[in-house]
Amino acid sequence: MKRFVLLDTTAIPENGGALCLFEYGEDFVIKIQGGDGGQLMNTRMHGSEDALAQIPCSKVAGRANARVLIGGLGMGFTLAAALKHLGRSAEVVVAELVPGVVEWNRGPLGEKSGRPLLDPRTAIRLEDVAKVLQAEPQGFDAIMLDVDNGPEGLTQKANSWLYSSAGLAACARALRPKGILAVWSASADQKFSERLRKSGFKAEQVQVFAHGNRGTRHTIWIAEKLKA
Ligand SMILES: C[S@@+](CC[C@H](N)C(=O)[O-])C[C@H]1O[C@@H](n2cnc3c(N)ncnc32)[C@H](O)[C@@H]1O
């Protein structure tokens with residue numbers, strides 16, 4: 001019978017919390033220590049994490065020197081999908097808050113996503129994605145956010161700012177003209193769709209299967225910046 005085997009625990013900087021990596025049969029699972037027992041991520045289901053990159057990156061792949069930002073790394077599936085759908089001259093900046101998560105991806109976990117950290121187009125930043133996007137006005141053709149389980153801070157409370165009107169305005173400033181913001185969520189949220197629209201985006205809420213073509217669906221907002 002399969003059981004959860006704890007492989008490692010790593011601190012979330014400046015937060016007092018920690019993330020735990022488990023082995024579960026052939027798969028790996030990341031959970032928040034002391035959380036509700038729910039999973040932040042597992043290697044068995046990553047259809048919606050793939051789609052989070054596939055949809056926006058397919059739209060911007062033809063742009064010269066396309067540059068995109070992913071927050072955070074997690075298990076590397078969104079990063080792997082971005083690299084798959086972008087051209088050779090693209091750059092994929094990945095902001096990851098937790099250094100231990102990057103180390104996990106450099107170990108056996110990285111096999112599951114095809115080791116996208118080794119791709120020369122990948123630039124990893126051990127930083128809060130909020131800081132990275134605020135530091136680079138008009139820096140990105142697309143921004144893909146999957147740092148919580150929806151538009152509300154979970155990994156750290158400060159993440160809630162990202163989904164606020166101020167955070168969305170900062171995302172818009174970090175995007176190049178017609179840039180795309182994509183946000184992952186476990187469930188739909190009409191209020192967040194409305195906030196995206198009020199923040200200057202043309203937003204669509206898309207439902208994507210978590211795994212294969214049936215069962216659980218997750219939500220991805222695909223929001224195009226309207227003003228230059
Ligand atoms: C659900 S996982 C991402 C899953 C990823 N899409 C994948 O394909 O595996 C969330 C990740 O975001 C990181 N994270 C949380 N808050 C962050 C922040 N403010 N800035 C950067 N990374 C953050 C977490 O440490 C975790 O690695």
Side-chain angles (χ1 to χ4, degrees), residues 8-21 27-33 35 38-57 68-85 92-107 109-117 122-136 142-164 167 170-171 174 182-187 208 210-211 218-221:
D8 194 19
T9 299
T10 191
I12 304 172
E14 295 172 31
N15 156 304
L19 296 180
C20 303
L21 177 67
D27 287 295
F28 295 97
V29 173
I30 296 177
K31 294 186 185 188
I32 296 181
Q33 190 179 51
Q39 301 178 4
L40 190 60
M41 183 71 211
N42 73 60
T43 50
R44 194 177 74 82
M45 295 199 293
H46 53 86
S48 58
E49 286 78 5
D50 299 346
L52 178 70
Q54 186 231 312
I55 302 171
C57 291
V68 304
L69 171 64
I70 295 174
L73 175 64
M75 294 181 158
F77 293 110
T78 302
L79 170 59
L83 293 165
K84 182 174 167 194
H85 293 282
V92 184
V93 178
V94 184
E96 172 53 55
L97 189 66
V98 182
V101 167
V102 178
E103 289 313 311
W104 292 345
N105 277 270
R106 290 192 173 124
L109 172 62
E111 293 294 338
K112 295 287 184 184
S113 57
R115 301 220 169 270
L117 288 180
T122 301
I124 190 93
R125 304 257 183 94
L126 279 174
E127 256 186 290
D128 191 319
V129 68
K131 284 192 184 153
V132 175
L133 65 87
Q134 287 180 94
E136 297 207 41
I143 298 173
M144 292 149 268
L145 294 180
D146 180 11
V147 290
D148 300 298
N149 270 348
E152 189 180 340
L154 174 72
T155 314
Q156 58 168 1
K157 288 226 162 56
N159 280 358
S160 292
W161 176 84
L162 284 166
Y163 318 108
S164 69
C171 289
V183 183
W184 189 97
S185 173
S187 51
V208 179
H211 179 62
H218 295 144
T219 297
I220 296 172
W221 285 273

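Just follow the structure's listing: the first ligand is 1, and inside any ligand the first atom is 1.
One distance of note links CE of Met144 with CG of Leu79; it measures 9.0 Å at 0.5 Å rounding.
Listed as neighbours of ligand 1 are Leu19, Leu40, Met41, Glu49, Gly72, Leu73, Gly74, Met75, Gly76, Phe77, Thr78, Ala95, Glu96, Leu97, Val98, Val101, Glu127, Asp128, Val129, Asp146, Val147, Thr155, Gln156, Asn159, each bearing a heavy atom under 4.0 Å from the ligand.
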Worksheet item: Would Leu52 and Thr78 satisfy side chain to side chain contact (heavy atoms under 4.5 Å, CB included), going step by step from the backbone distance to the final call?
Response: CA-CA 7 Å; Leu52 178 70; Thr78 302; 3.8 Å; yes
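Nearest heavy atoms, Val101 versus Thr10: N-CG2, 4.5 Å. Nearest heavy atoms, Ala142 versus Pro56: CB-CB, 4.2 Å.
Judged by distance alone, the side chains of Ser48 and Trp184 do bring a donor and an acceptor atom under 3.5 Å apart.
Met41 has its side chain within reach of Glu49: a pair of non-hydrogen atoms, C-beta onward, lies under 4.5 Å apart.
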